[in-house]
Amino acid sequence: MKEHIEELLSQSLHYLLRDGIIPPGQPPAIQLERTKSSEHGEFASNVAMVLAKQAGMPPRELAAAIIDRMPKSHQVAKMEIAGPGFINFFLQHITLTSVINEVLRKGDQFGGPLHRSGESITLEYVSANPTGPLHVGHGRGAAYGASLGNILHLAGYRVQREYYVNDNGRQMDILALSVWLRYLELCGEEVGFPENGYRGEYIYDIAHLVRGEYGDKWRFGSVEVADGLPPGPGAGGDGEIYIDALIARARELLAATGFAVFFKAALNSILGDIKEDLADFGVVYDLWFSEKALEDSGAVQRAIDRLRANGHLYVKDGATWFRASALGDEKDRVVIRENGRTTYFASDVAYFLSKLERGFQRAIYVLGADHHGYVARLRAAAQGFGEDPDRLEILLMQFAILYRNGEKAQMSTRSGQFVTLRELREEVGNDAARFFYIMRSHDQHLDFDLDLAKSRSNENPVYYIQYAHARICSVLRNLAQMDTRHNQAIGEAAMNLLTEEHELQLMRSLSRFPECIDSAARLRSPHLLAHYLHALATDLHAYYNAHQFLVDEENLRNARLNLILAARIVLGSGLKLLGVSAPEEM
RNA sequence: GCCCCGGUAGCUCAGUGGAUAGAGCAUCCGCCUCCUAAGCGGAAGGCCGCAGGUUCGAUUCCUGCCCGGGGCGCCA
């Protein structure tokens, strides 16, 4: 509908140009927007005001000239010049009602592509290190990424959802070490546990599993383990050096095979837990991308070679550096350490390259706000590869703060005492969690009110929307109790009977859905959909209260049923996009 | 020191160049013999942080300042 009017405007401007009323040059992009109030019609354009200066005539006069040259359309009822020079478009009633048939015909495909872009996108979200269970911070990225993926898909993009599994590197070594130390503890050895190890309870669980399978096979005496180690932080030493020495000791005593046992037990257990957690949360992926596999495939080396070939690398102090500072980053970055190992950054860069090589036009990253340092260095890497850095898009999620009884329910990862995503889901339910997480713009701090999310009352926006859906289902159940059935064809033929203001309002809202999807996709803003659904539910509730749907008159009844059925479809598919259930009764 | 995000109703937030700045909660007043009152209708509530600039027009864009929140200082 919107495109149709844009086309009319564009035609008219073309004629104005031909008639010499506006000077040649490039015409401005046509701005057509929804009106805020129906007294201004459905759509309004500001072109007359924008072009008034160039045309050398007052905006209202130019508006008249534009309307004068507008091709006739059977969809537009009338046009008006209003205010300082707006052109308001009023639609024919039949144009308004046509959205109902369209929704009924398309079902959950309604809302689909406004513009056929077909851009292929790889969307990465969560990608938490498999060193522990997901916490509530990851939950926001999960809900956001999953919803955005759904919306992009409906909006006509080709989307692949990816999780980058950091199954390589020092943090994983520390994890494996932590499991082994807990295992020794279970065997009865008294070994100290480093402060910077992973201290969560789940480490014991994994240690139990290993012991169940191998018994005391990997047991070593505490003296043997601690012999000759540098001083720990308790003895005035450096914690990092100490834990690295412990890892080296573990590798030495366990040998590659033994170390791998603990490493794999930890990885499988934790990654399995993460996958299950996300799946239960309705968060899905097309690809779990292993960093280890990336390195084993030689992709990291290839990425480094490419940067070298493009002249962006140099060697200093035995390490190989990427000259990121020349490409907009604040400083240069190490890609190969002095010890010959490649850095996390090198892997990240290789992973980005892999996304491009796999044919994606754009790579979207959903990261926590604490990763904002990544933006400049990854963009630098993109340029280092000779690629357009705009193909890389990093969306930073601001933090979510939980509130309980009006006070911060704070979490601290350090102590191992944190609120996990699973705990949150169990407390407030998946529906409320998904909705509350995406209710706010991603670049906005989120105050997550646990009490509100849990409340089964009108204060809870999730129930408000779900209730609208359930009410429609309830009407249909009542209809089933009656002698009559819904007849869609009769309803379609009687669309002219839907003249109540509440009905017009509901139709207007339904026809906005594709525009909402389009904006939410382009602006990467699922929260727009949440707000839209709330507004749609408001229209439905108001209509419900003002009018009876199951009236005796057959034509009107079926027309109204068509309308609320269309509303049910949009409410249902909108909720589904957000990962929220659409119950039939509440 | 540098970087990111924000400042809009009492509270939590929408609103990325337009007309009278919106919603939820909280407050006040009404509405169930009627398809679910988890609902609806109404009232009240605002120097859109401050100061400049761009524009026919600025809450929106630019600059500076003030006030919050977070991050970084060769570790990802």
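Numbered from 1 within each chain, the chains take letters A, B, ... in sequence-line order.
Across all strands, A:Leu523 comes closer than 4.0 Å to base atoms (heavy-atom distances). Heavy atoms of A:Ala470 sit under 4.0 angstrom from at least one base atom. No contact: A:Ala52 has no heavy atom under 4.0 Å from any strand. A:Ala468 comes within 4.0 angstrom of nothing in the nucleic acid, heavy atoms only. Within 4.0 Å of A:Arg337, counting heavy atoms only, lie sugar-phosphate atoms of the nucleic acid but no base atom. Nucleic acid contact for A:Gln548: base, since at least one base atom lies under 4.0 Å from a heavy atom of the residue. Within the 4.0 angstrom heavy-atom criterion, base atoms lie near A:Glu39. Nucleic acid contact class of A:His40 (heavy atoms, under 4.0 Å, all strands): base. Across all strands shown, A:Ala82 has heavy atoms under 4.0 Å from base atoms, whether or not it also approaches the sugar-phosphate.
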Practice task
Indicate for each nucleotide in nucleotides 28-33 of chain B, in 5' to 3' sequence, whether protein heavy atoms under 4.0 Å reach the base (B), only the sugar-phosphate (S), or nothing (-).
Solution key: ------

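Legend: residues meeting side-chain contact (heavy atoms from CB on, under 4.5 Å) with A:Ala266, ordered by chain and number and at least two apart, are A:Leu175, A:Val179.
Between A:Lys2 and A:Glu515 there is no salt bridge, since no side-chain N of the basic residue sits under 4.0 Å from a carboxylate O of the acidic one. For the pair A:Arg524 and A:Glu393, the salt-bridge criterion is met [side-chain N within less than 4.0 Å of a carboxylate O]. Ion pairing between a basic and an acidic side chain is recognised when a charged N comes within 4.0 Å of a carboxylate O; A:Arg170 and A:Asp244 show such pairing. Ion pairing of A:Arg377 with A:Glu330 is absent here, as no side-chain N (NZ or NE/NH1/NH2) approaches a carboxylate O to less than 4.0 Å. A salt bridge does not link A:Asp539 with A:Arg508: every distance from a Lys NZ or Arg NE/NH1/NH2 to an Asp or Glu carboxylate oxygen is 4.0 Å or more.
Distances from the side chain of A:Asp443 to the nucleotides B:rA19, B:rG6, B:rC56 place B:rG6 closest. Taking every side-chain heavy atom of A:His534 into account, B:rA23 is the closest of B:rA23, B:rG39, B:rU20. Residue A:Glu33 has its side chain nearest to B:rG18 when only B:rC56, B:rA19, B:rG18 are considered. The side chain of A:Val50 approaches B:rG18 more closely than any other nucleotide in the set B:rG18, B:rG6, B:rA19.
In this pair, A:Tyr365 and A:Tyr351 present their aromatic rings perpendicular. The plane angle is above 60°, beyond the 30 to 60° band.
With a 3.5 Å ceiling on both atom-pair distances, B:rA26 lacks any Watson-Crick or G-U wobble partner. A 3.5 Å limit on both hydrogen-bonding distances identifies B:rG49 as the Watson-Crick or G-U partner of B:rC65. The partner of B:rC32 cannot be assigned: no Watson-Crick or G-U wobble pair with both contacts below 3.5 Å exists in any strand. When Watson-Crick and G-U wobble pairs are counted only if both distances are under 3.5 Å, B:rU20 pairs with no nucleotide at all. B:rC72 is paired with B:rG1 under the criterion used here, namely a Watson-Crick or G-U wobble arrangement in which both key atom distances are under 3.5 Å.
Of the two residues near RNA chain B, A:Thr538 and A:Ile87, the one whose nearest nucleotide lies more 5' is A:Ile87.
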